[in-house]
Amino acid sequence: MPVLLDDLDLSADAVAQKAVDPKFFSSKLTGNGKKIGLLNESLLPINTATNTAYAMATDIEVKQSSTQHDITTTSIPLAPITRRALNAGGSFTLPSPHADDRFAVDTASSRFDDWDVVFDMTPQALVFYEDKSGDKSTRDLVIQYRMELYFFKKGLPEPEYATAVPRSAGYGNHAAAVFLQWDTSPLENARDYVQDVLTPAGLTASNLGDEFDEWMRQYSIYERITRLAQIWDSEAIADEVCRYIQDMPAGPTEQQLNMLAVQLRYLENYNVPLEAYRQIHKQLDATFSGQIATKLSKQNLSLLMNHTLDHLEQMKPQLIVPAQPATPPNLPPHLSKQQLDALTTHEPLVMTQAGAGTGKSTVILERIKYLEACGVPASDITVLSFTNAAADNITEKNPDVGSMTIAKMIIDIYSMNHPRHKVSAIDTIINSIDIFYPNSQFAATFRHRLLEVDQNRTAAFTALNTFVESHFDEVIALLDRIEQTSLELQIIICYQKIDDMAEPAHVQSKYLIIDEVQDNSVFEFIYVLKYITKHAQSLFIVGDASQTLYEFRSANPRALNTLEGSGVFATFKLTTNYRSNQEILDFANVVLGGLETNQFANIQLQANSLAVPTADSFQEKVTLEYHEVARLTGFVTQDLQAIVRNTVIPDYVDKCLDRGEQVAFLAYSRREVSLIQDVLEKRYPDRHIASLVSDRVYATDIFSKYIKFFWNDVLQAPPANAAFVVSQGIKDNMDKLTKNAANASVEKAILRTISEWWIENSATINGWVTLCHQGTLTHKAFFDRLRDNLLSFEIQRNQQKLNINKQKNQQRKRKNLESKADLVVSTIHGAKGLEFDNAVVLYREDTKMTQDVKRMFYVAFTRAMKSQYVLGYGTVKNPPIQSSYEQIVTALTERDKKNAARALGIDPDLLDDNDSAAPGSADDRSAVTAAV
């Protein structure tokens, strides 16, 4: 039986009840509004940047960083509504400021004193500058404030909202009006702004001197930014956006709709709660016609997810479901009730939230068998997996079932409809656009959208999807010309034309099953939901949002939560863990309890074992060693190897190996894994040490970049010399074609690639030269062919490198796992889905630990079957992980004592805080203590 999390008094840092502060926007916003940190109490609303070049852009709508000449500029939006949206025109409203926040402007001496006038400010955005060009790095912060001057009609109740009006319009007939202006130094400029607004109204202020200055100096920037973070992190963000939507005029102009679209994309800067997105989507549907609401929903992937779910829900009665089996199938007796309920359901849309080690693969395999027992041919079933290895496993066990990755399914559909488009790296596509479309504004915009996606910019995928939809024919014509596409473009185009695209027979099915669904990108979710709607298929998905690790590949744990909270899917959950003992799971449950992704599933893992953990057994099977350090990087570079060598190995690893058991070392980074592996290889030269760390492969754009910048040099040469000019030109300009030209291994790889190109293509190119000499091929045609040959080689070579590397990594990983190595080293990402006898987890403590890092360690803490050793380090004294560990020991100790009391016939509720029975003899109390 697990230790119930309710029994543990975990700190706010250890669980999901987190305190929201300015770090919600960026980890760079240090401080707590006191004396230290960036946002300290001495920070005033004035631009004090040391460099006069540090200015504020008019509109900051995307959180992003860029570095030039050792100066990193980070732009951070803060306010829920963009500046552009508020300036778009219309009668938009802002909430009236609280009486404790605002400054009351005294206009009592004015002739036309019919108004109460108050002033307030809201931080709209900020720019953070880090200059590392000198001996000592410097930091500057520029904050843009929205200055707000409110007019409330005297004699009327103060309304909750005031109408934002342009200064030229005056406050007119509004009972409450607010005038807006943006400034980075309101401490210097606000009083002039206030007076400039008051003067046309015949008003003067008598307290814009010291009193106003004192209010400005007491203005807490830290507190105001914290409030904004709390809005973004709660359903209050929906209130702000829905109010903006409600304020739209009945017949909005195209400009106003465009500004709303910008506002909806703006939300993608931060993790907005999914319930907020549901409210915003409902407001869009209630305010606009179906066509406009649909168009607006496409401006934000989470809104598009809700929109697609609504359509799927309308289709739900038409979706196919399996018939009841003619005879009850023989189901394996080892299946739990939770597993049986999930795999035998006849609901058309099913989601199974499966905690770590709860038998996801078993449920999928038995679901296939159950569908076949219901009369469903195996050929009508398709399983989509996240990895090729998982897909191959399904094929091996069920040859007649369709099995592939989602990426493979999309590639095959796309290739059938656009067979000339070769999958290429975005860098090569961008270079090709520059080569073929040097003067096209459309191509330049398309190029920019692709570059943003490649750089993983905020809302970049949404913007690309919208652009493709608006310029679909032009996009396809461009891709036809360059004969290239990318994985990102493939899924967007398949989504845009899902109703028209032909589909290969092997991807068609009636029952779709998706494994490890949490690792899919948000747009893959959207595509699959639309695909199901198109084909009226049954959908059965299995996953665990708390094990989402691939956010760098656009996976989003909230996507699965959106499905779960929508009510569209019948949901099941698996909590019985078949991998680990309860002691390990008790520790993992503490991390799981602190994950926002677990808010709907509410999973607490329980071992498939009757053994009851005790305080002693927990401390025997879960070891925590924590090191408080001055610097985090110093621990890894200076202390890690010595601690592994002198403590972890003799105290833990040797004992595991003596029992004939395997030990896996799991760490976050490749560097940490490498340092640990080095120690193990020196300590155990005769042991098999397997590494699960995959080799990386990098695409090259050396040929396409050379064509883009230096093709005129080639055109000056006769055809017979052109290939030599290309080869020599790349060698001579290597420093301009790659950032790593000084790296000897990079230079060697480029020279090898040039040589391989010539070896593979010399016969063809020499044949073209001969045709030129014979006069049957023009010089222009020759150079066009040479250019296309170089581009084609680059595309083909990149794809070959990717495929070969992927295959090599899979084979090595499979070989290492099958060999049952004594020792295994891996990143936590690389160990996902695997299990080991024992595990050593390198854990970095951080009281402000982000959710993605917590999910990663949850995965790490659920890999071991028998025991685990947690080697923690951090700058925190008495960290949450240590207090959690101690509280588990305390809870188990209390439970042990109560169980011992019950065994002796003593009521455990009568035990006092000193673990003795209040009534009863001293012998009874001694017996309880002895029993424990």
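Nothing fancy with the numbering, it's 1 onward along the sequence. These numbers were taken from a predicted model, which means no experiment stands behind them.
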Please answer whether the main-chain N or O of [Y] pairs with a side-chain N or O of [X] as donor and acceptor at a distance below 3.5 Å.
| X | Y | value |
| --- | --- | --- |
| Ser234 | Gln230 | yes |
| His98 | Asp100 | yes |
| Ser883 | Pro880 | yes |
| Glu235 | Tyr277 | no |
| Arg449 | Asn465 | no |
| Asp233 | Ala229 | no |
| Asp732 | Gly729 | no |
| Thr827 | Gly830 | yes |
| Lys132 | Ile71 | no |
| Tyr885 | Phe587 | no |

Would you kindly say whether [X] and [Y] are connected by a side-chain donor-acceptor distance under 3.5 Å?
| X | Y | result |
| --- | --- | --- |
| Thr633 | Arg631 | yes |
| Glu681 | Gln677 | yes |
| Glu794 | Ser704 | yes |
| Glu130 | Ser137 | no |
| Asn431 | Lys708 | yes |
| Thr73 | Ser66 | no |
| Arg855 | Gln547 | no |

Minimum heavy-atom separation for [X] and [Y], please, with both atom names.
| X | Y | value |
| --- | --- | --- |
| Leu624 | Ile881 | CD2-O, 3.7 Å |
| Leu38 | Lys28 | CD2-O, 3.5 Å |
| Asp120 | Pro97 | OD2-CB, 3.4 Å |
| Ser826 | Val693 | CA-CG2, 4.2 Å |
| Leu86 | Trp182 | CD1-CZ2, 4.2 Å |
| Thr82 | Gln263 | N-OE1, 2.9 Å |

Worked verdict on Gln144 versus Ile60 for side-chain contact (heavy atoms from CB on, under 4.5 Å):
CA-CA 9 Å; Gln144 183 186 72; Ile60 292 179; 5.9 Å; no
Option from Met856, Arg863, Glu672 for which side chain to side chain contact (heavy atoms under 4.5 Å, CB included) with Leu666 holds
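Result: among Met856, Arg863, Glu672, Arg863 is the only option passing the side chain to side chain contact (heavy atoms under 4.5 Å, CB included) with Leu666.
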One pair to check against side chain to side chain donor-acceptor pair (under 3.5 Å): Glu268 and Thr462. What are the steps and the verdict?
CA-CA 9 Å; Glu268 291 194 358; Thr462 305; 2.7 Å; yes
Flag the pair [X] / [Y] as yes when at least one side-chain heavy-atom distance between them is below 4.5 Å, and no otherwise.
| X | Y | answer |
| --- | --- | --- |
| Met147 | Thr122 | no |
| Leu301 | Phe523 | yes |
| Val673 | Phe665 | no |
| Gln299 | Thr466 | yes |
| Leu451 | Arg457 | no |
| Lys63 | Phe25 | no |
| Tyr219 | Leu187 | no |
| Asn300 | Tyr266 | no |

Spatial distance of atom [atom1] ([X]) from atom [atom2] ([Y]) [nearest 0.5 Å]:
| X | Y | atom1 | atom2 | result |
| --- | --- | --- | --- | --- |
| Asp735 | Glu747 | CG | CD | 10.5 Å |
| Tyr626 | Asn878 | OH | CG | 9.0 Å |
| Leu264 | Ser302 | CG | OG | 11.5 Å |
| Asp454 | Ile429 | CG | CD1 | 9.5 Å |
| Ile433 | Leu450 | CD1 | CG | 5.5 Å |
| Ser674 | Gln641 | OG | CD | 8.5 Å |

Just wondering, more than 12 heavy atoms not from [X] lying within 6.0 Å of its [atom1]?
| X | atom1 | answer |
| --- | --- | --- |
| Tyr873 | OH | yes |
| Arg146 | CZ | yes |
| Asp210 | CG | no |

With salt bridge (Lys or Arg N to Asp or Glu O under 4.0 Å) as the criterion, how do Arg139 and Asp131 come out once you've worked through the C-alpha distance, each side chain's angles and the decisive distance to 0.1 Å?
CA-CA 6 Å; Arg139 304 187 306 173; Asp131 187 347; over 6 Å; no
In terms of the angle between their ring planes, are Phe635 and His627 parallel, tilted or perpendicular, with boundaries placed at 30° and 60°?
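Rings of Phe635 and His627: tilted, 30 to 60°.
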Students often mix this up, so state it plainly: with edges at 30° and 60°, are the rings of Trp215 and Phe119 parallel, tilted or perpendicular?
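Geometry flag for Phe119 against Trp215: perpendicular rings.
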Where do Ser65 and Thr72 land on the side chain to side chain donor-acceptor pair (under 3.5 Å) test, with the steps shown first?
CA-CA 7 Å; Ser65 291; Thr72 299; over 6 Å; no
Residue pair Asp140, Phe128: steps toward the side-chain contact (heavy atoms from CB on, under 4.5 Å) verdict:
CA-CA 6 Å; Asp140 277 300; Phe128 180 63; over 6 Å; no
Under-4.0 Å salt bridge between Glu61 and Arg265
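Answer for the salt bridge query: no.
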Less than 4.0 Å between a side-chain N and a carboxylate O, is that true for Asp101 and Arg227?
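Here Arg227 pairs with Asp101 in a salt bridge, since their nearest N and O are under 4.0 Å apart.
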Check the pair Val870 / Leu842 against side-chain contact (heavy atoms from CB on, under 4.5 Å), numbers first and verdict last.
CA-CA 6 Å; Val870 179; Leu842 182 61; over 6 Å; no
Would Arg217 and Glu214 count as a salt bridge (Lys or Arg N to Asp or Glu O under 4.0 Å) here? Give the steps.
CA-CA 5 Å; Arg217 291 182 180 279; Glu214 179 63 20; over 6 Å; no
Val522 vs Phe461, test: side-chain contact (heavy atoms from CB on, under 4.5 Å). Steps then yes/no.
CA-CA 10 Å; Val522 177; Phe461 199 94; over 6 Å; no
